[in-house]
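When reading the values below, keep in mind they use all heavy atoms of this one structure, side chains included, and skip hydrogens, waters and symmetry mates. Computed from a predicted structure; not experimentally measured.
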Amino acid sequence: MWASWQNGSGHAEKAAPRIKLRRAVLEDSEQIAALCAEAFPYLGLKQQMAWGMLRAFFPPRSTHEWQQQFEKAVEGKALAVEAYQEMRAQGRVRKGSRQKSLLDEQLTPERQFLQRNYMRRGFFCLVAEDLESGALLGTLAASLARPQAMLPPPFPTYAPLRAYVSNVAVRQECRRLGVATALLRLSERLAAWWGHDSIWLHVEADNTAGVELYRGAGYQIVKQDPSWVPGSAYLMTKAIQPVVAPGLCLSWGGRGQQRHPAVAVLGEDGRSLGQTRGGDGVFVWDVPGREHK
């Protein structure tokens, strides 16, 4: 998966790069690690899961440690996908099963496994590659997290799983040229494709350039750490439309609701052509001329 992007920035002092956006692969790990080590010389819990209060107690993270973190996440996702496909083959889960609601119910050992599997499969990393040189100019990681939780893991919480962006890093000489904005837009499209209606992130309160970037991209501040907290950060979110491709819309029920995702097929004019029936997930085509109430 990749997309071409040409920045239309008005900065006369810098030439806007022509970049290709794509998913990162293991071979990118060294360049991704260098980008993150430059952008985040100090890494606290916030960059991993929205918690910046203990940043002052963490030493600088080396490029090697960044590389290990990325490779572990990619390999963990591959193993999770393999395990999920095996479970499907055994009939233990069905494609499209309502895993989100499983996370809201009492967790048996199997449900705990499904939760971990679901979260690991939700990780992805994007990179912006220079079309001329092939060098990586920026990167972004996204995962499933609970940024609204009062306490960090492993403390239990009923906070919902959200699409969560972290580790947005751009080479210093390429900043303010639209690279980060392009990565954000693609991450929002992917999150919407997976059925999310919002995307979340944290940014340090004193990172004025970062706050300006996210505000300009449509993110709003919903929470702020106390000013006395080291590494005080804003929690920001942006509403996104889950329908990202003509013809498909996914929505998920909450606790106690239907076991099947509701699927509606839309025509080119945006009108519904049919939808799944509640309870059993059977798709029913609309009869021409019939109106839904």
Side-chain angles (χ1 to χ4, degrees), residues 1 22-29 32-33 36 40 43-51 61 64-127 139-149 151-169 183 186-202 240 242 250 252 261:
M1 176 214 69
R22 60 174 175 81
R23 288 181 184 267
V25 295
L26 277 175
E27 288 74 16
D28 298 319
S29 62
I32 290 173
C36 291
F40 310 110
L43 178 67
L45 295 180
K46 176 190 55 184
Q47 276 76 24
Q48 307 227 13
M49 173 44 203
W51 296 91
R61 170 164 288 198
H64 178 66
E65 289 172 318
W66 276 108
Q67 186 171 355
Q68 285 185 317
Q69 175 181 304
F70 170 74
E71 292 176 350
K72 181 179 179 180
V74 172
E75 292 168 356
K77 176 172 182 171
L79 291 174
V81 170
E82 182 179 345
Y84 178 70
Q85 291 174 342
E86 182 178 348
M87 288 189 296
R88 280 185 53 198
Q90 296 172 353
R92 294 168 59 190
V93 295
R94 290 181 296 175
K95 184 178 181 180
S97 60
R98 191 173 60 89
Q99 294 187 55
K100 288 191 177 183
S101 66
L102 291 178
L103 308 183
D104 296 331
E105 299 170 1
Q106 184 176 3
L107 294 180
T108 63
E110 185 168 12
R111 290 181 186 273
Q112 290 178 343
F113 175 80
L114 285 173
Q115 174 177 317
R116 291 192 300 269
N117 180 280
Y118 177 65
M119 294 183 70
R120 287 173 180 169
R121 287 189 290 121
F123 168 81
F124 66 85
C125 181
L126 301 176
V127 293
T139 183
L140 171 153
S143 58
L144 296 174
R146 304 181 190 272
Q148 296 163 286
L151 295 172
F155 293 99
T157 178
Y158 285 103
L161 279 173
R162 304 291 194 183
Y164 183 77
V165 168
S166 61
N167 299 340
V168 182
L183 288 166
L186 184 54
S187 69
E188 292 162 9
R189 289 171 56 191
L190 290 173
W193 176 258
W194 292 344
H196 294 279
D197 59 6
S198 62
I199 191 163
W200 300 68
L201 56 83
H202 277 83
I240 54 178
L250 296 178
W252 300 83

Is F123 close to R120 at the side-chain level, that is, under 4.5 Å between some pair of heavy atoms? no
What pair of heavy atoms forms the shortest contact from F124 to K77, and how long is it? CB-NZ, 4.1 Å
Flag side-chain contact, heavy atom, 4.5 Å: N167 against W66: yes
Within a strict 4.5 Å, meaning less than it, do heavy atoms of the V127 and R22 side chains meet? yes
Which atom of Y164 lies closest to which atom of A145, heavy atoms considered: CB-CB, 3.8 Å
Compare every heavy atom of G122 with every heavy atom of W194, then report the nearest pair and how far apart it is. CZ3-O, 3.6 Å
Write down the atom of Y84, the atom of N117, and the distance for their closest heavy-atom approach. CB-OD1, 3.6 Å
If you measure from CG on L183 to CD on E188, what distance do you get to the nearest 0.5 Å? 11.0 Å
Can you see which heavy atom on A192 is nearest to which on I240, and at what distance? N-CD1, 3.8 Å
Answer whether the closest heavy-atom distance between the side chains of L144 and R162 falls below 4.5 Å. no
Rounding to 0.5 Å, atoms CD (Q67) and SG (C36) come to a distance of 11.0 Å
Between the CZ atom in R146 and the CE atom in M119, the distance rounded to the nearest 0.5 Å is 6.0 Å
V168 side chain reached by L201 side chain, heavy atoms, under 4.5 Å: no
Closest approach of T139 and L126, non-hydrogen atoms and distance? OG1-O, 3.0 Å
Nearest 0.5 Å please: distance from the CZ atom of R23 over to the CG atom of D28. 13.0 Å
Counting C-beta onward and ignoring hydrogens, is there a side-chain heavy-atom pair between P160 and Q148 closer than 4.5 Å? yes
